[in-house]
Amino acid sequence: MEKIENSDFKHIGTKLLNWYKQNARDLPFRQTKDPYKIWICEIVFQQTRINQGLNHYNNFIKRFPDVKTLANAEEDEVLLYWKGLGYYSRAINIHKAAQQIMNDYQGTFPSDYDEILKLKGVGKYTAAAVSSICFNGKMPAVDGNFYRVLSRIFADDFDSSNSRAFNYFSELATLVLPENVGDFNQAMMDLGSEICKPRNPFCGECPLNEDCLAFSLNKISEFPVKTKTVKAEHLGLKYYFVHRNGQFLIQQRKDDFIWKKLFEFPHEISEELMPFIKSAKTVNHKLTHKNLSIEIFNVEVDSEIVWTDFIAENQYLITDFEGSHEKSFPKPLETYIQNYHTAYKIL
DNA sequence: AAAGCGGGGTC
DNA sequence: GACCCAGCTTT
C-alpha cells in the first residue's frame with residue numbers, strides 16, 4: 001500500500017454516494033432501518049444473490065416479523081422457511097441469536113458493533129453492515145464486492161483468497177470511506193452487483209471509472225486476484241423410499257456434514273425389507289464442494305408385519321406427502337419426488 | 001491458516 | 001465446466 005500512502009481518496013467515496021442516490025436498487029429491506037430486518041437480510045443474502053433469496057427473505061419476515069416471534073418459534077419451522085436456500089447453519093444460528101437477544105438484551109437489538117458481533121452466526125461483515133445501516137456505525141462491511149471494487153480501483157493484486165484479505169481490504173476501504181458509512185456499504189454492494197461485476201463489468205457506466213487504476217491500465221480482468229479454488233469431490237449416497245398405503249418414513253439429519261437438521265429418507269433398510277425393493281433411480285446433484293450421486297430405492301412394503309416391525313426397530317417418522325410439506329427436505333428429494341403419484345412414475 | 005458448508009446464475 | 005455470490009464456524 002506504500003504507493004498510495006500520502007494521497008487522498010475520499011472523493012471516491014463521495015462520488016459513490018452521489019451515484020447511489022440516483023441508482024440505488026429498490027429492495028424491500030431498503031425502506032427500513034429496523035435492525036431485525038436488516039440483520040435477517042444480511043444473513044439471508046450471505047453468499048446468495050438477491051434474486052435467489054428474495055422470496056425466502058419476504059416469507060421469513062412475514063412469518064417471523066420480529067425478534068420475539070423468531071425466538072419463540074420451533075427450530076424445525078425456522079428450517080422449513082430456510083429450505084432450499086442452502087448453508088443451513090445460518091437458520092440454526094439465526095434462531096439461537098434471536099434467543100440471545102431476548103435473554104441477553106431484553107429483546108432490544110444491540111446497537112454496538114462489538115455487541116452485534118457476539119450474536120451467533122454474525123461475523124465482522126454482518127456486524128459492520130447492521131451497525132452502519134441502522135445505528136450510524138463507521139465500520140466498512142467488507143464482502144466480495146469490496147474485494148472486487150477496491151482491488152480494481154487500486155489495481156491491487158492482494159490475494160482475495162488469503163485469510164488476511166478481510167483486514168487488508170478493510171484498511172483499503174478506510175481510504176475512501178465517507179461520513180455516511182451505512183449508505184456507502186450499500187452503495188458498494190449495488191455497484192459491485194450492477195456495474196463492477198465479476199466478468200464483463202460496465203466500466204463505461206461506472207461513476208468511478210476516472211479513479212479506477214485497473215481501468216486506466218486496461219487490466220480490469222486481472223482483478224481481483226484469487227489463487228485458491230474449491231474442487232468438488234464425488235460422493236455416493238443411498239436413500240430408501242420406504243412406503244405403504246400412502247405413508248412413508250423419514251428422519252432428521254444431524255447438525256454435522258451437509259443439510260444440517262433437514263429431513264430425508266432412511267439411508268439403510270433391514271434384510272427383511274430387501275425383497276420389497278421394486279425399482280431404483282440415480283439422481284445427480286452438485287454442491288459447491290461435492291458432486292453427489294444419490295441412489296433412491298423404491299421400497300413398496302406389501303407386508304403389514306414387516307412394515308410394523310421395521311418401524312418398531314427404528315426411530316423413523318411416519319409421514320405422507322401432505323405432511324412432508326411441513327418438513328424441511330433437502331432439495332433433491334423435493335425436486336425428484338414431489339408427491340406420491342409422481343414418485344411412482346419416477347421410481 | 002485452512003477446510004467445510006448450498007444452491008443457483010452467468011459466461 | 002469454472003467461477004462467483006450482502007460469509008461464518010470449526011478444526
Side-chain angles (χ1 to χ4, degrees), chain A residues 24-25 27-30 37-57 79 82-94 96-97 116-130 132-133 139-149 151 159-167 169-170 182 184-194 196-201 221 223-233 235 253-262 284-292 328-332 334-335:
Chain A
R25 286 177 290 180
L27 302 170
F29 40 86
R30 284 279 166 78
K37 293 193 177 72
I38 299 300
W39 167 54
I40 298 297
C41 94
E42 293 303 338
I43 303 296
V44 165
F45 293 108
Q46 282 171 9
Q47 298 292 290
T48 304
R49 286 185 170 76
I50 295 297
N51 283 339
Q52 183 185 352
L54 215 43
N55 285 337
H56 279 88
Y57 170 78
L79 280 163
W82 209 269
K83 70 174 177 177
L85 202 50
Y87 287 158
Y88 298 97
S89 302
R90 293 184 294 176
I92 297 165
N93 286 332
I94 220 171
K96 288 178 180 167
I116 298 173
L117 193 54
K118 291 178 183 172
L119 299 175
K120 289 277 186 189
V122 171
K124 288 186 283 189
Y125 161 79
T126 302
V130 175
S132 69
I133 293 170
M139 302 287 280
V142 178
D143 68 340
N145 294 301
F146 273 63
Y147 292 176
R148 191 167 58 257
V149 173
S151 69
D159 185 358
S160 65
S161 56
N162 187 306
S163 61
R164 300 203 316 279
F166 184 91
N167 288 335
F169 286 103
S170 294
F184 174 82
N185 284 333
Q186 298 180 86
M188 286 288 276
M189 299 177 208
D190 280 15
L191 187 77
S193 167
E194 307 291 293
C196 195
K197 301 184 300 175
R199 282 179 293 188
N200 303 331
S221 62
F223 303 98
V225 171
K226 185 179 181 185
T227 61
K228 278 185 288 187
T229 57
V230 187
K231 67 170 181 190
E233 306 211 347
L235 178 65
R253 293 184 66 87
K254 307 290 186 187
D255 65 352
D256 58 355
F257 201 43
I258 59 175
W259 299 326
K260 296 186 200 334
K261 295 193 175 180
L262 269 55
N284 293 316
H285 185 75
K286 294 170 83 72
L287 309 182
T288 298
H289 52 290
K290 290 270 189 300
N291 289 329
L292 304 177
S328 54
F329 281 88
K331 189 171 180 59
E334 294 205 315
T335 301

Measure from the side chain of A/Asn93, starting at C-beta and using heavy atoms only, and say which of C/dT9, B/dG8, C/dG7 lies closest.
C/dT9
Between atom CD in A/Gln46 and atom P in B/dC5, what is the gap in whole Å?
17 Å
Heavy atoms only, 4.0 Å cut-off, all strands: where does A/Val230 land among base, sugar-phosphate and nothing?
nothing
Under 4.0 Å, heavy atoms only, any strand: does A/Asn51 hit a base, just the sugar-phosphate, or nothing?
nothing
Output the rounded distance in Å from CG (A/Asn284) to P (B/dG8).
15 Å
Classify A/Phe166 by what it touches in the nucleic acid, base, sugar-phosphate, or nothing, heavy-atom distance under 4.0 Å.
nothing
Tell me which nucleotide among C/dA6, B/dG6, C/dC3 gets nearest to the side chain of A/Arg199.
C/dC3
Rounding to a whole Å, what distance do you find between A/Ile50:CD1 and B/dG9:P?
14 Å
Identify the heavy atoms of A/Lys260 and A/Phe257 that sit nearest to each other, and give their distance.
NZ-O, 3.1 Å
Considering only C/dA6, C/dC4, B/dG6, which nucleotide approaches the side chain of A/Lys226 most closely?
C/dC4
Could you check whether A/Leu85 gets within reach of a base, just the sugar-phosphate, or nothing at all, counting any heavy atom under 4.0 Å?
base
A/Gln47 CD - B/dG9 C1' separation (whole Å)
14 Å
Give one of base, sugar-phosphate or nothing for A/Phe29, where a contact means two heavy atoms less than 4.0 Å apart.
base
If only side-chain N and O atoms count, and only distance matters, is there a donor-acceptor pair under 3.5 Å linking A/Ser132 with A/Gln186?
no
Verdict with reasoning, A/Phe169 to A/Tyr147, per ring pair (Phe, Tyr, Trp, His ring centres under 6.0 Å)
CA-CA 6 Å; A/Phe169 286 103; A/Tyr147 292 176; 5.0 Å; yes
Let me know, please, whether A/Ser193 or A/Lys286 comes out on the 5' side of the other along DNA chain C by nearest nucleotide.
A/Lys286
Please give, in whole Å, the distance from C/dC8 P to A/Leu119 CG?
12 Å
Within the 4.0 Å heavy-atom criterion, would you say A/Gly192 contacts the bases, only the backbone, or no part of the nucleic acid?
nothing
Contact summary for A/Met189 and A/Asn145, nearest pair of heavy atoms
CA-ND2, 3.7 Å
Calculate, to the nearest 0.5 Å, the distance between atoms CD1 and CZ belonging to A/Ile38 and A/Arg30 respectively.
8.5 Å
Among B/dA2, B/dG7, C/dA2, find the nucleotide with the atom closest to the side chain of A/Thr288.
B/dG7
Do A/Gln52 side-chain and B/dG9 base share a donor-acceptor contact under 3.5 Å?
no
